[in-house]
Amino acid sequence: MRYAETGVNLEIDLSRGSIEREGTDPRLTALHLGGLGTNTKMLWDRVPSEVEPFSPENLLIFSAGLLAGTLAPGANRMIVSTFSPQTLLSAYSVMGGFWAPELKHAGYDKVVIRGKSPKLVYLWINNDKVEIRDASHLRGKGALETAEIIRREVKDKEAQVLAIGLAGENKVHYASIEHGRSSASRGGIGGIMGDKGIKAIAVRGTKDINVARPAEFNELCNDILKYIQFRNDNPIKNVPPILAGLGSPQEMKLHDEAWHTSSFAWGNARIRRSDYWTKEIEAKWKVVQDNKVERLISCYNCPMKCGAVVEHEKLGRYLMKCYSKLTYTMAADSDLAFGLNIAGLGQEYGVDGYTTPQVLAFGVELYEAGILTDQDLPGFPATTEERFFYLLEKIVRREGIGDVLANGVYWAARQIGRGAEAYDHNTIKKHEQIPIKLGIMNPIYYLMWATGEKINITQIEGQIPQAPFATKEDKEEFVRDWIQVPNDKFKDFVLNWEPRTLPHYPSIEATCEIVDWQEMMHYIDDSVGTCAGLSSFPIKPPYHIHNFPRIISAATGMDLDEEGLKKIARRNRNLLRCLNIRRGMKKADEKPPEDHWKRRFPELESKLLDEYYKFKGWNNEGVPTKETLHELGLDYVAEEFELKGILKEEERVPETQGVR
Amino acid sequence: MKKVKKLIKIDVDKCNGCRACEAICSAFHAEPKYSSSNPDRSRIRVVHDPLRDIFVPVYAGEYTDSECNGKNVYTVDGKTYDECDFCRASCPSRKLFRDPDSNLPLKCDMCEDEPPLKEPKCVEWCINDALIYEEVEEEVEEEEPTRPLEIEVGLEALVKQHGVKVVMDTLSRLGKS
């Protein structure tokens, strides 16, 4: 019997209309766990580097995390992997909610989609019965509306549905896949789903998910839940409220937005407004939030309330995720009422709540700069808020200028020309970043921005405080029960941290170790399907490198210790990097935007990057060395890289290595 | 005489719709204990319809062999509920509280265990306190007499539907848990 996982994938070829069940090799679980890990392996094996994202040969993989649907609190993630139409590199996005557990109960770990359907279809997976159904009547429908219609059609209220909106159908480069209060938003994967002609996937399952060592696993899950309760009762002291609790974070629960509104940039990632948050604003926003939010809601088997049922004047209600709350608000230099309004519309159209506001702000800036004119934007309204709605409608339909803006800031700037490129100032590897414009380069964040394979810092930053504590006592109190650190050395980072020591604090060596730790935790989460909000993202989370091996082992029966788990995380991380390198990602691409920080330190930055590459076992071009690949059991990657000239012959391990 | 009545008080306003109650209930009642999870085997379900802001945890009560006439609709705080949304019965009109394999009814047993638990597992796992366990002592006249006739009718119906063997096997399984 397979434990935690089902051991079966659904393989669906939409060009041929075929559906196959495929048993999976348990050795792959031992090497990669599941989720992102096995998705990446599948993309490496099955999608050659020359395959275009919008090609029938591109795969779109929906995978439940290894622990999804078990008793492990917050283990509910679905990881979608494919190649991005925007970055042309690999894309993965992680979705919470209820879909991944339902898929496991139906008896599958992954749904692997290839080919393209000649007409719009949806999938109905009902335990052993799997159908490709006509979806022509769903064309143009909103993502949540589609889910409602399908639930009625299959006559099962318990069916879990993920769907694309108009944006996905029209292959917008930042179209999302929506599922109630959750979504897989980044990298344009909703556009890939639209390109394949698949409007939605509905799933219903009534089978058991088994675990290997029930009593032990139950105890460990109880411990996680107790720790969550402890953390809820004991918020971290001396940090802003938004950073004090668990969750991803619980945006809709909190009213105090001082940290986001003053740390993040407004408009097209332009201005920081350190004086924006006042008592008056807080009182005003509180009224809006309390009026609009009807209930705080959660994902499967998780007590944290990161989402909300939100009242919407046009839609009735929609379901807010954690942070779309402020992205539109701040990009439009507007307020919360506007933000909550347009975010609902964005969800029905199925667009990414991070990228979209920035594209809209970019469009407004180009108009104000005279680069886009009334000819490009006939009837362009007067206020920024109305302009945002105007542009959103154009983009999701790819109408007029919307057809260009639908490709994202990087591509749109180059298509428009006339100096528009200068307004593309917040992308890395062609992908919009969170709008942060800061004073002085921070070495930890520099490396995360430069090298993260997610190309999206919100998914790789983590559980370190964002500022030094004021007093020695505060520091000591913080580290006293900091059990999550890999070892006590990491506590020195907090203990020795003084104000105004950037960019030379922490040391390059410590920076490498901290970044490596943060990243490792995300790679574990994204393979086993635990929510980052209970693990890699917040300060002092319930899941950490010391309890994960026991939890995974008790659930799956795998023989696993800390070193073993670290090695799997490293294997997955390196394979994903190699997937991108094989598609042409270069060292020159690993660059945060010029104006990310006012004060830059080119020499230090270059040293940081070089040292980090070395630390990771990569060569000076950022390519994992043959030795690194060999140690991780990825010799097949090294062989291909040598054949393609990505790794040079002289970098081979000498034949005489054995006598060393 | 006095009798302790065990109750789960439900505060629908506090329900965050996470269904942890379903997960832990199904695991507790799995054989061996905690060896699997499956909300469809749970004796508590969250009736949910997020876009209508409806979240109602309901724990399984008596089995009924035919559906009732009550198809009333209640409007509470501007939200429309079906009568069934609050009903605890394992009833042929719906899939709730029926074992997905055998179709036999499921009923909440307040997590009877040896030694006894402090509270049912669903209550323990609902750290948002939508579920609160309560023991009420109440005066009852006499131990209610069993009604063999009704049980017989129910069993006959089950035998008709599933055959004697399935019913016997299930009874013996239920007897063990």
Side-chain angles (χ1 to χ4, degrees), chain A residues 3 69-74 76 98 101-102 104-105 127 144-145 147-148 151 156-158 180-181 204-219 221-222 225-226 228-229 232-233 294-307 309-311 315-319, chain B residues 11-42 45-56 77-79 82 84-85 94-96 98-103 117 121-122 124-131:
Chain A
Y3 295 108
T70 68
L71 268 194
N76 51 46
F98 299 82
E102 200 69 32
K104 292 279 261 308
H105 286 300
N127 285 317
L144 268 55
E145 185 188 7
E148 294 275 291
R151 263 192 292 272
D156 196 334
K157 283 183 186 171
E158 304 281 314
R181 65 155 304 290
R204 178 77 177 99
T206 58
K207 298 180 192 179
D208 296 344
I209 297 172
N210 300 298
V211 293
R213 300 197 299 276
E216 181 189 347
F217 183 63
N218 175 55
E219 272 312 301
C221 293
N222 271 320
L225 198 63
K226 276 183 207 139
I228 293 172
Q229 177 100 63
N232 286 352
D233 296 340
E294 297 188 35
R295 181 188 301 265
L296 300 172
I297 54 173
S298 307
C299 297
Y300 183 73
N301 191 17
C302 178
M304 306 313 298
K305 295 180 277 194
C306 308
V309 180
V310 178
E311 193 191 275
L315 304 165
R317 291 188 182 89
Y318 75 101
L319 305 170
Chain B
D11 185 341
V12 294
D13 289 338
K14 284 187 180 160
C15 180
N16 56 320
C18 74
R19 301 167 59 196
C21 51
E22 299 180 9
I24 190 66
C25 173
S26 67
F28 178 81
H29 290 95
E31 188 60 47
K33 215 170 255 182
Y34 303 117
S35 59
S36 66
S37 50
N38 183 354
D40 277 88
R41 288 194 211 284
S42 172
R45 298 304 299 269
V46 180
V47 174
H48 57 274
D49 191 346
L51 284 178
R52 263 149 226 99
D53 188 32
I54 286 175
F55 294 83
V56 187
D77 269 349
K79 291 180 278 182
D82 289 338
C84 298
D85 293 349
R94 60 179 183 181
K95 289 177 184 162
L96 240 51
R98 288 170 163 273
D99 185 279
D101 295 332
S102 66
N103 208 29
L117 302 179
K121 294 302 284 186
C122 59
E124 185 190 333
W125 271 54
C126 183
I127 69 173
N128 287 308
D129 292 341
L131 306 176

Original post:
In terms of heavy-atom pairs under 4.5 Å with chain A, which of B/Pro32, B/Ser36, B/Cys18, B/Gly17 leads?
Top reply: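 Ranked by contacts with chain A, first place is B/Cys18.
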**OP:** Heavy-atom pairs under 4.5 Å with chain A are the metric here; pick the option from B/Ser35, B/Cys126, B/Ala20, B/Pro50 that has the most.
**Re:**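 Among B/Ser35, B/Cys126, B/Ala20, B/Pro50, the one with the most close pairs to chain A is B/Ser35.
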Heavy-atom distance under 4.5 Å to chain B: side chain of [X], backbone, both or neither?
{"X": "A/Glu311", "value": "neither"}
{"X": "A/Phe217", "value": "neither"}
{"X": "A/Val211", "value": "both"}
{"X": "A/Pro73", "value": "side chain"}
{"X": "A/Asp156", "value": "side chain"}
{"X": "A/Leu296", "value": "backbone"}
{"X": "A/Phe98", "value": "side chain"}
{"X": "A/Lys207", "value": "backbone"}

Residue selection (most heavy-atom pairs with chain B, distance under 4.5 Å) from [options]:
{"options": "A/Ile209, A/Val309, A/Val310, A/Asn232", "value": "A/Ile209"}
{"options": "A/Leu315, A/Ile228, A/Ile297", "value": "A/Ile297"}
{"options": "A/Ala215, A/Ala147, A/Cys221, A/Gly316", "value": "A/Cys221"}

Decide yes or no for [X] and [Y]: does some side-chain heavy atom of the first lie under 4.5 Å from some side-chain heavy atom of the second?
{"X": "B/Pro39", "Y": "A/His105", "value": "yes"}
{"X": "B/Leu51", "Y": "A/Glu145", "value": "no"}
{"X": "B/Ile24", "Y": "A/Asn218", "value": "yes"}
{"X": "A/Lys157", "Y": "B/Val47", "value": "no"}

Salt bridge present between [X] and [Y] (N-O < 4.0 angstrom):
{"X": "A/Arg204", "Y": "B/Asp40", "result": "yes"}
{"X": "A/Glu148", "Y": "B/Arg52", "result": "yes"}
{"X": "A/Glu294", "Y": "B/Lys79", "result": "no"}

Subject >> Nearest heavy atoms of A/Gly69 and B/Ser37, plus distance in Å >> reply: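 Result for this residue pair: O-OG, 3.0 Å.
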**OP:** Check B/Cys15 against A/Arg295 and note the closest heavy-atom contact, atom names and distance.
**Re:**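 Here B/Cys15 and A/Arg295 meet closest at O-NH1, 2.9 Å.
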Subject >> Test side-chain hydrogen bond (donor to acceptor under 3.5 Å, both in side chains) applied to B/Asn38 and A/Thr206, A/Asp208, A/Asn210, the passing residue >> reply: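 Answer after filtering A/Thr206, A/Asp208, A/Asn210: A/Asp208.
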Subject >> Residues that B/Tyr34 engages under ring-ring contact (aromatic ring centres under 6.0 Å, His included), provided they are two or more places apart >> reply: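 Scan of B/Tyr34 (ring-ring contact (aromatic ring centres under 6.0 Å, His included), adjacent residues dropped) gives none.
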With a 4.5 angstrom heavy-atom cut-off, is it the side chain or the backbone of [X] that approaches chain A, or both, or neither?
{"X": "B/Ala27", "value": "side chain"}
{"X": "B/Asn128", "value": "side chain"}
{"X": "B/Cys21", "value": "neither"}

Original post:
Would the number of heavy atoms belonging to other residues, nucleotides or ligands and lying under 6.0 Å from CG of A/Asp233 be above 12?
Top reply: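 Result for CG/A/Asp233: enclosed.
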Subject >> Separation between CZ of A/Arg181 and CG of B/Asn16, rounded to the nearest 0.5 Å >> reply: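 Atom-to-atom, A/Arg181:CZ and B/Asn16:CG are 10.0 Å apart.
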